[in-house]
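Input: a single structure, listed below in structure tokens.
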Amino acid sequence: MTEHKNIFDKMMTLDRRWVFLFLIIVCVATYVVDFEIPINTEPEVESIFNFLDSLPENDIVLIAIDYDPNNLAELHPMTYAVVEHLWRKKVKIIFTSLSQLGPAMADQAIRDISDSLKVDKTYNYNGVEHNFKGREIVNGVDYTFLGFKPYYALIILGMGQDFRLNFPSDYYGTPLDDLPMMQGVINYDQVACVVDLSGGNITDAWISYGQGRFNFPLMLGLTGVMVSQYYPFLGSGQVSGIMGGLLGAAQYEELADNPGRAKDGMRVQLYAHYVIILFIILGNIGYFMTRRNRLKGGN
Amino acid sequence: MEFSDFLWMTCGIFLTLATFSFLYKDNPFYKFAEHLVVGVSAGFTIIVLWHGTLVPNLFQKLEDGNWFMLWLNSSEWWYVVPAVLGLLMWTRFSKKYSWVSRWPMGLYIGISTGIAIPLEMSNRVNKQLYAMMVEIDWANFFGGNILSTTSGFAQLLIFLGTIAGLVYFFFSKEHKGVFGGVATFGIWILMIGFGASFGYTVMARVSLFINRMQDTKAWGVEAFNASDVANPHYSSMYPIVFYLLVAFVVGYIIKEIMDHLKRKNA
């Protein structure tokens, strides 16, 4: 005789592949249907945007592209949003990559953003219209890409003494002293802030060996998995701002009036979260009801 | 986009589908994608370390020396010392001489610890303790946004939550009475923290799927030359490759359904 299963038993034994299928259908449907959802910005992202937006022309920001392709989905949109914002303002950038697959990420971002900045654009943020005249982004003038070196903690400490200690030449083989923007740039003292976009433990090294040792303003762009671990550093003032996952990237895109892949994905995020919350609620109802039935039955 | 780039893009889409197929069940395409990632990562790492570390930091430093002089006649001969220490690590493969590898390992750990302990203690312990022990701003207690980290409520919650969380992990006293109540409050705080991490993790995983959808859409756009800027290299091969992959995927799905029905009827 087959055992009779009520709806709650069925909920508890539901094949998880139905959950995956339902989630995929919702994600694809919400992605295909093009609509916008409002993005509310948070103070931790606003503080990064406001700091970078206040920098004068020709200031230098160090951006650490410390992520591999497995974190590209969340961190690449942040790179695009931050770098484009800085180059629009003619702020110079030193790129490093202390993750071994990071140079390819940085190289791709530099090429794409350089291309997108060749055309005139109008941005509207902080209630003001900003007209950007398209221009050529030049290696050695607008940016320097130092590339990758292993043992990130030692590299971060070394850059505090002199960038040339670990990177006598840039990623493309040009000696740093031959690059116009690196004239007189010795170490972190000449850098307005460091923005670390990271998908791993390198962030810890930037906090302990970088900000803790050399006391520069440090801003983080982190994957969703990591972000809750780093909020205590925001509270203690060791970190000046945090962008968390795709949501953080979407908020920066919203603030800079530069919609990209992050904003494009937020409608999918919203409905995917509704589905997951729905399944969590159903799973809990199923769990408590089967437990109640079991207790009633004396098992 | 040139045709070769489009083929690489198609490979990416195929590997995406192969990886997601694991959600249904394990299969040879998933295994292929998995092994490819591991193999490529290992190969890439070796090349990066060789060209990024050994070549500039060792071989180029010693290039003015001779091998028959063991490079000790090089102007920067002292780089021979870390090279020898590095080679000693390979004694791990010998049962008889594996103890020798403790020398370079000891040196490495000693230097790392010396650098790390003062900075880690200062930045991950002391500064966090200072941040927890700020004076509670009672004037700001009921005003403004209570979830803001600067509000008195949040400061009090951080302080009490930290103490309660530590009490939960104190097992030398039985968790009963007031002590038990504080420990229970501590586990609630921990669970709220884990819940926040879980929520962010869900967002991260969905982000990966969104990225693959965006790339798949971009692949479709390239296949039919439907982007705003026309592709000067576009040819009829682009949609043919697109349809070949789609036919392959649909064919595999039909085969799986047929197998499933056969098993069901057997």
Would you confirm whether [X], through its side chain, and [Y], through its main-chain N or O, come within 3.5 Å as a donor-acceptor pair?
X: A:Ser97; Y: A:Phe148; result: no
X: A:His273; Y: A:Gln269; result: yes
X: A:Gln238; Y: A:Ile207; result: no

Heavy-atom distance under 4.5 Å to chain A: side chain of [X], backbone, both or neither?
X: B:Ser112; value: neither
X: B:Tyr24; value: both
X: B:Leu49; value: side chain
X: B:Phe198; value: side chain
X: B:Ser197; value: both
X: B:Arg205; value: side chain
X: B:Val48; value: side chain

Discussion item. Within the supplied structure, the quantity of interest is the number of heavy atoms (other residues, nucleotides, ligands) at a distance under 6.0 Å from B:Asp259 CG; does it exceed 12?
Written reply: yes
Practice prompt. Please say whether more than 12 non-hydrogen atoms of neighbouring residues, nucleotides or ligands are located less than 6.0 Å from CZ in A:Phe20.
Written response: yes
Considering all heavy atoms of both residues, which atom of [X] and which atom of [Y] are nearest to each other, and what is their separation?
X: A:Val45; Y: A:Gln251; result: CG2-OE1, 3.1 Å
X: A:Ile65; Y: A:Ala106; result: CG1-CB, 3.8 Å
X: B:Gln128; Y: B:Asn123; result: CG-O, 4.5 Å
X: B:Ala83; Y: B:Leu58; result: CB-CD1, 3.7 Å

Pairs of heavy atoms under 4.5 Å with chain A: top-ranked of [options]:
options: B:Thr216, B:Asp215, B:Leu208; value: B:Asp215
options: B:Ala116, B:Gly52, B:Ser41; value: B:Ala116
options: B:Ala131, B:Ser207, B:Ala196; value: B:Ser207
options: B:Ile115, B:Thr45, B:Thr53; value: B:Thr45

Discussion item. Regarding A:Asp264 and A:Arg267, does a basic nitrogen lie under 4.0 Å from an acidic carboxylate oxygen?
Written reply: yes
Practice prompt. Identify whether the distance between the nearest side-chain nitrogen and carboxylate oxygen of A:Asp115 and A:Arg111 falls below 4.0 Å.
Written response: no
With a 3.5 Å cut-off and no angle check, do the side chains of [X] and [Y] form a donor-acceptor pair?
X: A:Ser99; Y: A:Asp66; result: no
X: B:Glu222; Y: B:Ser227; result: no
X: B:Asn27; Y: B:Ser21; result: yes
X: A:Tyr67; Y: A:Thr79; result: yes

Proximity breakdown for [X] and chain B, heavy-atom pairs closer than 4.5 Å:
X: A:Leu21; value: neither
X: A:Ile276; value: side chain
X: A:Asp204; value: both
X: A:Leu75; value: neither
X: A:Val28; value: both
X: A:Leu154; value: side chain
X: A:Glu74; value: side chain

Name the member of [options] that forms the most heavy-atom pairs with chain B at distances under 4.5 Å.
options: A:Ser236, A:Gly237, A:Gly245; value: A:Ser236
options: A:Ser208, A:Pro103, A:Ala262; value: A:Ser208
options: A:Pro168, A:Gly244, A:Cys27, A:Ala272; value: A:Cys27
options: A:Leu101, A:Thr223, A:Asp68; value: A:Leu101

Item to complete: Give, for atom CG of B:Leu17 and atom CD1 of B:Ile13, the distance between the pair rounded to the nearest 0.5 Å.
Response: 7.0 Å
Discussion item. Does anything in residues 224-233 of chain A reach chain B? List residues with heavy atoms under 4.5 Å apart, or say none.
Written reply: A:Gly224, A:Val225, A:Val227, A:Ser228, A:Tyr231, A:Pro232, A:Phe233
Practice prompt. Please confirm whether A:Tyr209 and A:Tyr152 have ring centers closer than 6.0 angstrom.
Written response: no
